[in-house]
Amino acid sequence: MDERGIRKRLVQKGFTDFQIKVLIATYRIPKGKTATYKDIAKRIGHPHAYRAVGSVLKINPLAPTVPCHRVIKSDGSLGNFSSPGGTRRKMQMLKAERAI
DNA sequence: TTCCTGACGCTCG
DNA sequence: GCGAGCGCCAGGA
């Protein structure tokens with residue numbers, strides 16, 4: 001699925017512009033790389049909305065197409081992960097992608 | 001409309 | 001170097 005498809009689905013689900021921007025920015029993180037919540041916030045033009053970024057990722061309806069597991073905290077720790085398996089699963093996925 | 005909550009970051013002691 | 005407290009922003013009740 002490409003970026004346009006993702007945006008379309010999110011619009012259909014009634015997501016706000018802010019939420020869509022967050023998920024698109026997350027989708028753009030290349031495989032094998034990670035980004036911080038702060039990075040995402042900065043990328044969408046709301047450098048102080050890092051907390052809201054987490055709120056959006058929590059309800060990510062397009063996992064794993066939108067790789068929310070690639071978003072980590074700025075201190076290098078994983079933060080949280082709401083999908084089944086939790087942070088352990090998140091760690092495994094990142095290792096599988098050689099992101100960490 | 002207002003208040004509360006949250007997958008966080010930064011500053012200060 | 002470490003922990004606590006405060007600030008930020010958006011969404012939901």
Side-chain angles (χ1 to χ4, degrees):
Chain A
M1 189 189 299
D2 65 355
E3 197 173 302
R4 290 166 60 98
I6 291 175
R7 180 181 292 273
K8 190 175 176 181
R9 287 215 183 179
L10 294 174
V11 170
Q12 285 173 346
K13 287 178 179 291
F15 274 61
T16 65
D17 191 53
F18 176 80
Q19 292 172 318
I20 293 172
K21 282 180 179 173
V22 169
L23 292 172
I24 292 290
T26 305
Y27 172 73
R28 285 178 178 163
I29 303 172
K31 185 178 181 179
K33 297 275 187 177
T34 57
T36 64
Y37 293 97
K38 194 179 176 182
D39 285 336
I40 300 295
K42 204 184 297 181
R43 215 168 289 183
I44 64 174
H46 294 263
H48 298 292
Y50 33 73
R51 200 160 184 185
V53 169
S55 301
V56 176
L57 295 182
K58 184 170 62 173
I59 58 171
N60 172 17
L62 296 179
T65 303
V66 174
C68 56
H69 61 280
R70 289 181 196 148
V71 183
I72 61 176
K73 292 176 59 166
S74 61
D75 64 1
S77 61
L78 295 183
N80 266 303
F81 193 58
S82 62
S83 293
T87 51
R88 287 177 64 91
R89 182 73 193 280
K90 183 172 182 174
M91 172 103 64
Q92 288 174 352
M93 293 171 80
L94 290 174
K95 281 184 178 175
E97 295 181 2
R98 306 229 185 275
I100 57 175

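What's counted below: heavy atoms across the whole structure, side chains too, no hydrogens, waters or symmetry copies. In what follows, chains carry the letters A, B, and so on, assigned in the order in which the sequence lines appear, proteins first and then strands, with residues in each chain numbered from 1.
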_Selection: residues 47-56 of chain A, any non-hydrogen atom under 4.0 Å of DNA chain C_ = His48(A), Ala49(A), Tyr50(A), Arg51(A), Ala52(A)

*When all nucleic acid strands are considered with a 4.0 Å heavy-atom cut-off, which category describes Ser82(A): base, sugar-phosphate, or nothing?*
base

*Once you round it to whole Å, what is the distance between C1' of dA10(C) and CZ of Phe18(A)?*
6 Å

_Atom-pair distance (CG on Asp17(A); C1' on dA10(C)), nearest Å_ = 12 Å

*If we only count heavy atoms from C-beta on, is the Leu23(A) to Ile20(A) side-chain gap below 4.5 Å?*
no

Table please: side-chain donor-acceptor pairs of residues 86-94 of chain A below 3.5 Å, with sequence neighbours left out.
unit_1, atom_1, unit_2, atom_2, d
Lys90(A), NZ, Val71(A), O, 2.9
Lys90(A), NZ, Leu78(A), O, 2.6
Lys90(A), NZ, Asn80(A), O, 3.2

*Does OP1 or OP2 of dC8(C) have a side-chain N or O of His46(A) closer than 4.0 Å?*
no

_Contact list for residues 5-56 of chain A, test ring pair (Phe, Tyr, Trp, His ring centres under 6.0 Å), sequence neighbours left out_ = Phe18(A)-His46(A)

*asked:* Whole angstroms only, please: what is the CD1-P distance between Ile59(A) and dA10(C)?
replied: 14 Å

*Can you check the Arg88(A) CZ to dA7(B) C1' distance for me, whole Å?*
18 Å

*Spell out, yes or no, whether Val66(A) and Ile44(A) are grouped together once hydrophobic residues are joined by side-chain heavy atoms under 4.5 Å, including indirect joins.*
yes

*Would you name the heavy atoms of Ile29(A) and Arg43(A) that are closest together and state the gap between them?*
CG1-NH1, 4.4 Å

*asked:* So Asn60(A) and Ser83(A), do their side chains get closer than 4.5 Å, heavy atoms only?
replied: no

*Over how many whole Å does the gap from Tyr37(A) atom OH to dC9(C) atom P extend?*
19 Å

_Counting the atoms with a prime plus P, OP1 and OP2 as sugar-phosphate, which does Thr16(A) contact under 4.0 Å by heavy atoms, base, sugar-phosphate, or nothing?_
sugar-phosphate

*Rounding to a whole Å, what distance do you find between Ile40(A):CD1 and dG6(B):P?*
22 Å

*Can you check whether Leu10(A) reaches Pro61(A) side chain to side chain, under 4.5 Å on heavy atoms?*
yes

*What nucleic acid atoms does Lys58(A) come within less than 4.0 Å of, heavy atoms only: base, sugar-phosphate, or nothing?*
base

*Starting from C1' on dC8(B), measure out to CD1 on Ile44(A) and report it in whole angstrom.*
13 Å

*Would you kindly give the CZ-to-P distance between Phe15(A) and dA10(C), to the nearest whole Å?*
16 Å

